[in-house]
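Counting starts at 1 for both ligands and their atoms, following the listed order. Note that the structure is predicted; figures quoted are calculated from it, not measured. In what follows, every heavy atom counts, from backbone to side chain, and hydrogens, waters and symmetry copies are set aside.
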Amino acid sequence: MSKRAAVALVATAMAVALTACGSGGSGGGSKDAAGGGSGALTVGFSQVGAESGWRTANTKSVQDAAKKAGVTLKFSDAQQKQENQIKAIRSFIQQKVDVIAFSPVVESGWDTVLKEAKDAKIPVVLTDRAVDSKDESLYATFLGSDFVEEGKKAGDWLVKEYQGKAEPVNIVELQGTTGSAPANDRKAGFGDVIKGDAKFKVVASQTGDFTRAKGKEVMQAFLKSQPKIDVLYAHNDDMALGAIQAIEEAGKKPGKDIKIISVDGVKDAFTAMADGKINVVVECNPLLGDQLMELVKKVKAGQPVERRIKTVEGVFTQDQAAAALPSRQY
Ligand code: AHR
């Protein structure tokens, strides 16, 4: 088989696989099968993966919103790999979807494929995570949280917590996926706030890839290598929850012997917070589906949209956890 024929075959197979994951959920993802009838929008959505409780809630929100809005969603799970996202986007281009939406696993390396979408006149909406492309014409808008701000909120809580105390505070940091916007920005925002006070020292910082298993594994290593840990700053709840297991197995009390700052606000983290095991959670809202559907419709219709749409989020401490738990939606 010639190389060109082999490439065409792989592309067709991918297109079929992606179509089979359409929002209809029944394996029928063609435009008309989604209930929108002819004229309904088809959106190709490339999701990061299923690495965390946050991500599961985000996927459900997007799929539910697509159904509600009569949008045919061609859903593709990249399993935390950029190469899979690039393949999915190319397949969406081949299938001539109306709009491409995606949550980029890492920040860099998107210009070529985004240019391909632009050349094919398919608008792109970034959701949840940003890209570092200098050419802003490569995407229509970006909907998601301000991750730098989240890192700052985490730092602000710490500064307040240790106000008036002079002893050194040893911090270990569980970073999100290396090169991802939330890992880069949450680290930067937190660092910016604590650098003003020399008593705060990040003694170890490593990626836990936003997963519970990796969070536990890296925390176990921190506990072995660091003689004194006062605070854990985890870039997401899943890593914090994995770390809690490691701390307990090491005979220490999470939330007391080691204070824990986390980001996201999933139900399991609120439960851990109500139990005194997490001290503070900086909220990051995954329920972006409805806003995303509104945006793709506007973008397709050529209506003006804001370049950057930020989600509104709060900060929750232990005293609020039990009361807030029943109303948590994810
Ligand atoms: O991009 C959002 C981040 O990705 C969430 O904080 C994390 O839980 C997820 O995996």
Numbered atoms of ligand 1 (with element) below 4.0 Å of Asp128, judged on heavy atoms: 1 (O), 2 (C)
Shortest protein heavy-atom distance from atom 3 (C) of ligand 1, along with the residue and atom involved: Arg129 NH2, 3.7 Å
Atoms in ligand 1 with a heavy atom of Pro182 nearer than 4.0 Å: 1 (O)
side-chain hydrogen bond (donor to acceptor under 3.5 Å, both in side chains) evaluation trace for Glu107 with Ser180: CA-CA 5 Å; Glu107 276 189 290; Ser180 70; over 6 Å; no
Polar side chain donor-acceptor pair, Thr177 to Asp209, under 3.5 angstrom: yes
Any N/O pair Glu51/ligand 1 closer than 3.5 Å: yes
Phe270 six-ring face occupied by Lys267 cation (under 6.0 Å, within 45°): no
Ser52: numbered ligand 1 atoms lying under 4.0 Å from its heavy atoms: 7 (C), 8 (O), 9 (C), 10 (O)
Distance-only polar pair, side chains of Ser205 and Gln175, donor-acceptor under 3.5 Å: yes
Best match, Val105, Asp264, Val282, Thr56: closest heavy atom to atom 5 (C) of ligand 1: Asp264
Pair Thr141, Glu306: side-chain N/O donor-acceptor within cut-off below 3.5 Å: no
Met239 contact mode with ligand 1 (heavy-atom cut-off under 4.0 Å): neither
Trp54 N/O under 3.5 Å from ligand 1 N/O: no
Non-hydrogen atom of Gln80 closer than 4.0 Å to ligand 1: no
Phe75 and Phe45 aromatic ring geometry - parallel, tilted or perpendicular at 30°/60° bounds: tilted
Side-chain donor-acceptor pair present, Gln95, Ser91, cut-off under 3.5 Å: yes
